[in-house]
There are 2 protein chains.
Amino acid sequence: MAKATIKDVAEKAGVSVKTVSRVLNDEPRVKPSTKEKVEKAVAELKFKRNPLACGLRSNQSFVVTLIYSNPNPGYIYELQNGILSQCSKLGYHLQLQPCDYKDPNLLEIIEDLIEHTPQDGLLLTHPVCDNQAVRELLVKKGMPFARISTFREDKNSPGVYCNDKLAAIEMTNHLISLGHTKIAFIKGHPDFGATEKRYLGFLEAMKSWDIEVNPTFVKEGAFTFASGEEAARKLLIQKDKPTAIFSSNDYMAAGVLKVAAQLGINVPTDLSVVGYDDTPVSQQIWPSITTLRQPIFELAQTAVNQLVKKIKKQDISEQDIEFKCELITRASAGPIKINK
Amino acid sequence: MAKATIKDVAEKAGVSVKTVSRVLNDEPRVKPSTKEKVEKAVAELKFKRNPLACGLRSNQSFVVTLIYSNPNPGYIYELQNGILSQCSKLGYHLQLQPCDYKDPNLLEIIEDLIEHTPQDGLLLTHPVCDNQAVRELLVKKGMPFARISTFREDKNSPGVYCNDKLAAIEMTNHLISLGHTKIAFIKGHPDFGATEKRYLGFLEAMKSWDIEVNPTFVKEGAFTFASGEEAARKLLIQKDKPTAIFSSNDYMAAGVLKVAAQLGINVPTDLSVVGYDDTPVSQQIWPSITTLRQPIFELAQTAVNQLVKKIKKQDISEQDIEFKCELITRASAGPIKINK
DNA sequence: TTGAAAGCGCTAACAA
DNA sequence: TTGTTAGCGCTTTCAA
């Protein structure tokens with residue numbers, strides 16, 4: 001069974017090829033009765049357009065490329081699922097382009113990509129989307145793109161992001177509501193915009209309750225298990241220990257749990273530990289980690305919508321769309337012990 | 001700057017388009033000097049072929065589709081990386097098709113996919129590749145495919161897999177070499193071929209050392225954290241406890257660690273726990289989990305090679321290519337306590 | 001509201 | 001060894 005072509009449909013419907021094309025593209029000025037005839041023929045022949053031919057002629061490809069440089073497989077997995085779900089609704093395909101955001105050739109790689117692979121638009125995840133040179137290149141080349149989990153605003157491109165600061169405030173308030181005041185904070189990797197936003201949220205919440213932040217309670221981290229471990233070791237051998245540790249992500253929180261276990265500190269009775277991101281590990285560890293979940297799937301879907309609007313040169317009502325994180329309480333954080 | 005076409009190259013090199021096409025396709029019977037001229041023109045114009053046009057004309061798309069139904073993001077992530085790396089070498093693109101292996105419409109979804117999306121071949125991961133109806137459909141439709149991590153042989157398609165049985169033997173031997181004889185085993189989900197292979201390896205190793213397997217030491221699991229927890233609870237409240245637990249994957253091993261911690265059983269001094277798959281969690285937990293690592297990246301690369309050979313109708317010397325797992329010793333397993 | 005013809009960039013078939 | 005011509009399946013332009 002050779003695949004049906006537009007010609008077969010035209011013949012079957014008794015109209016010209018062009019008319020079929022008009023129906024397929026939802027162009028106006030087609031008589032309803034004609035449209036019906038064509039649609040019937042399409043259905044009977046199980047006709048689907050050859051995307052290659054469409055792309056060739058109209059200089060479109062219905063492909064969008066996801067550029068990512070993120071060591072968190074769970075995040076990428078969920079992101080892809082969200083993108084795929086929306087792409088398939090809108091008739092687009094997804095191309096993957098992993099990269100290293102620190103690669104000195106990043107700009108050339110991206111330039112090569114947009115010059116030589118057919119695609120209609122790009123989805124950039126952080127931290128690549130926060131790279132100004134990359135954004136400028138894309139604007140110069142006229143390649144539509146949308147930013148995901150971004151931390152820099154940009155008038156030339158739409159973006160979606162989670163309000164990290166707000167979420168960090170909520171988490172800090174949660175710890176305070178459990179009675180904690182001696183709260184330590186482990187920062188993330190300085191290359192990531194989230195690092196600062198999360199820290200600022202922590203500071204703001206502490207300030208709003210007039211709780212002083214002990215400078216020895218703030219440690220640098222790097223979003224890795226080992227960096228969480230190291231920070232925790234410093235925090236927990238101090239004479240004046242915190243009663244709660246807010247880690248900027250779950251990997252580091254897992255590192256904190258390790259150190260606590262080694263030092264014989266019981267979590268959550270002697271120490272509350274919270275993380276960020278709702279990474280799979282936060283449920284696969286004991287105690288399971290109280291954390292903040294980004295709606296990654298929805299973020300991704302919305303980014304695709306924004307990108308497709310941009311591709312089709314439609315109005316983008318909101319340039320940067322904000323999402324909220326969800327506080328997920330698990331076993332690693334609890335009320336402070338009174339008789340301490 | 002409009003993109004250069006094959007016409008521009010032909011003009012610049014002073015030859016016909018067909019000659020350029022010959023050079024691009026590495027066809028024989030081109031005079032070396034002509035070839036050089038063309039290659040120079042290609043380089044100067046930074047010409048790259050328009051894949052859409054190639055695909056349309058030659059009825060190829062240089063797209064391969066990965067069909068997966070696997071809840072382990074780390075596995076998929078690594079698999080994609082391996083596939084992408086090899087695809088880019090061979091000039092192919094990757095399309096993603098997540099699915100649910102239990103979906104009653106799976107067959108129709110795949111039929112629709114191969115009928116209506118241009119692609120040259122399919123990569124099937126387990127358990128989808130072990131579905132005979134799916135394989136028969138693809139053979140019937142003449143769509144080339146390769147199987148990844150497969151457990152059924154198939155004369156009509158190439159495949160790559162890890163020798164799970166061998167790996168399980170190695171792990172069991174490892175535990176035995178640490179002095180353990182009271183070894184429990186938690187099986188995986190019965191829908192996955194790995195489940196049986198891993199169990200058989202365990203049994204074989206035990207038998208080879210003439211160690212009897214206590215039937216109460218074998219529990220059903222489902223590859224989930226909760227199922228590991230449940231199995232461990234049953235195992236560890238018995239009067240006659242095992243001194244080591246071999247979990248069929250890391251998620252379940254993490255569940256075992258939780259129960260051990262709750263029951264005050266120290267790992268690894270009082271109990272050794274080992275897993276399988278080298279999932280990220282195995283390093284993000286304390287004690288870190290001794291496990292088996294599949295060379296997923298290499299598996300994926302090889303599968304792409306096999307598939308492309310199949311697409312190009314080249315000889316496939318080896319139909320099913322075997323890989324070995326690597327035993328990774330971490331903190332969760334140690335020598336048995338003598339003075340028990 | 002509809003159609004005829006041209007052509008997107010490339011390769012296959014055939015000819016020279 | 002190289003070139004000419006046609007055409008993949010569709011959309012665009014222009015005309016009716």
Side-chain angles (χ1 to χ4, degrees), chain A residues 1-39 41-42 45-63 91 93 115-120 311-312, chain B residues 1-39 41-42 45-63 91 93 115-120 312-313:
Chain A
M1 179 198 94
K3 264 190 221 171
T5 74
I6 196 172
K7 237 171 147 177
D8 303 321
V9 177
E11 215 167 284
K12 182 142 197 153
V15 297
S16 78
V17 199
K18 175 60 218 185
T19 304
V20 177
S21 171
R22 282 204 180 89
V23 173
L24 294 175
N25 291 304
D26 262 332
E27 283 176 41
R29 268 172 291 199
V30 178
K31 217 198 318 185
S33 66
T34 313
K35 191 171 171 181
E36 229 166 78
K37 267 196 298 185
V38 172
E39 277 165 354
V42 167
L45 293 169
K46 292 194 181 176
F47 168 77
K48 289 239 180 136
R49 271 181 290 188
N50 180 330
L52 260 43
C54 296
L56 177 59
R57 191 63 185 91
S58 58
N59 211 20
Q60 280 184 282
S61 62
F62 295 98
V63 168
H93 289 272
E115 296 267 287
H116 298 305
T117 335
Q119 61 212 311
D120 298 343
I311 290 171
K312 298 192 169 166
Chain B
M1 180 196 90
K3 264 192 222 169
T5 75
I6 197 172
K7 235 171 148 179
D8 302 321
V9 177
E11 213 167 287
K12 181 141 197 154
V15 297
S16 78
V17 275
K18 178 60 218 186
T19 304
V20 177
S21 170
R22 282 205 181 88
V23 174
L24 295 175
N25 291 305
D26 262 330
E27 282 176 42
R29 268 174 291 199
V30 177
K31 213 192 335 183
S33 67
T34 314
K35 192 173 173 182
E36 227 167 79
K37 267 197 299 185
V38 171
E39 276 165 353
V42 166
L45 293 169
K46 293 193 181 174
F47 169 78
K48 290 240 178 132
R49 270 182 292 189
N50 180 329
L52 259 42
C54 297
L56 176 59
R57 189 63 184 93
S58 58
N59 211 21
Q60 280 184 282
S61 63
F62 295 98
V63 168
H93 289 272
E115 296 268 287
H116 297 306
T117 336
Q119 60 212 311
D120 299 342
K312 298 191 168 166
K313 299 185 200 297

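Distance, N50(B) CG to dC10(D) P: 17 Å, rounded to whole Å. Between the P atom of dC8(C) and the CZ atom of F62(A) lies a distance of 19 Å, rounded to the nearest Å. Spacing between atom CG of L45(B) and atom P of dG9(C) amounts to 14 Å, rounded to whole angstrom units. Rounding to whole angstrom units, CD1 of residue I6(B) and P of dC8(C) are separated by 13 Å. We find that CG of D8(A) is positioned 13 Å from C1' of dC10(D), with the value rounded to whole Å. Rounded to whole Å, atom P of dT2(C) lies 12 Å from atom NZ of K35(A). The CG-P distance, from D26(B) to dT11(C), rounds to 12 Å in whole Å. Rounded to whole Å, atom C1' of dT1(D) lies 12 Å from atom NZ of K37(B).
With salt bridges taken as basic N to acidic carboxylate O contacts below 4.0 Å, one links D26(B) and K35(B).
Where K18(A) and L56(B) meet DNA chain C, the nucleotide closest to each residue was compared, and K18(A) sits on the side nearer the 5' end. Taking the nucleotide of DNA chain D with the nearest heavy atom to each of S33(B) and A53(B), the more 5' of the two is matched to S33(B). Residue-to-nucleotide proximity on DNA chain D shows that, of K31(B) and K7(A), the 5′-proximal contact is made by K31(B).
Checking the phosphate oxygens (OP1, OP2) of dT2(C), a side-chain nitrogen or oxygen of T34(A) falls inside 4.0 Å. The shortest distance between the side-chain N/O atoms of T19(A) and the OP1/OP2 oxygens of dG3(C) is below 4.0 Å. Between T5(A) and dC8(D) there is no side-chain N or O to OP1 or OP2 distance below 4.0 Å. Distances shorter than 4.0 Å separate some side-chain N or O of S16(B) from OP1 or OP2 on dG3(D). A sub-4.0 Å separation between OP1 or OP2 of dT11(D) and a side-chain N or O of S21(A) is present.
By the side chain to side chain contact (heavy atoms under 4.5 Å, CB included) test, V15(A) pairs with A13(A), T19(A), V20(A), T34(A), K37(A), V38(A), sequence neighbours left out. With sequence neighbours excluded, the residues forming a side chain to side chain contact (heavy atoms under 4.5 Å, CB included) with D8(B) are A4(B), T5(B), L45(B), listed by chain and number. Every residue meeting the side chain to side chain contact (heavy atoms under 4.5 Å, CB included) condition with P118(A), not counting sequence neighbours, appears here in chain and number order: S61(A), P51(B), L52(B). Listed by chain and number, the residues in a ring pair (Phe, Tyr, Trp, His ring centres under 6.0 Å) with F62(A) are Y92(A) (sequence neighbours excluded). By the side chain to side chain donor-acceptor pair (under 3.5 Å) test, N50(A) is found to be paired with no residue, residues two or more places apart in sequence or in another chain being considered.
At the heavy-atom level, N25(B) lies under 4.0 Å from the strands shown only through sugar-phosphate atoms.
Here the side chain of F47(A) is nearest to one of dC10(D), dT11(C), dT12(D), namely dC10(D). When the nucleotides dG3(C), dC10(D), dA12(C) are ranked by their closest atom to the side chain of V15(A), dG3(C) comes out on top.
On a pure distance criterion of 3.5 Å, a polar donor-acceptor pair joins the side chain of R22(B) and the base of dT2(D). For R57(B) against dG7(D), a side-chain-to-base donor-acceptor contact under 3.5 Å is present.
Surrounding CG of N25(B) are more than 12 heavy atoms belonging to other residues, nucleotides or ligands, all under 6.0 Å away.
Comparing the local axis fitted to the first five base pairs of the helix from dT1(C)-dA16(D) to dA16(C)-dT1(D) with the one fitted to its last five gives a bend of 30°, rounded to 10°.
Checked by atom type and distance alone, the side chain of Q60(A) never pairs as donor or acceptor with a backbone atom of S58(A) at under 3.5 Å.
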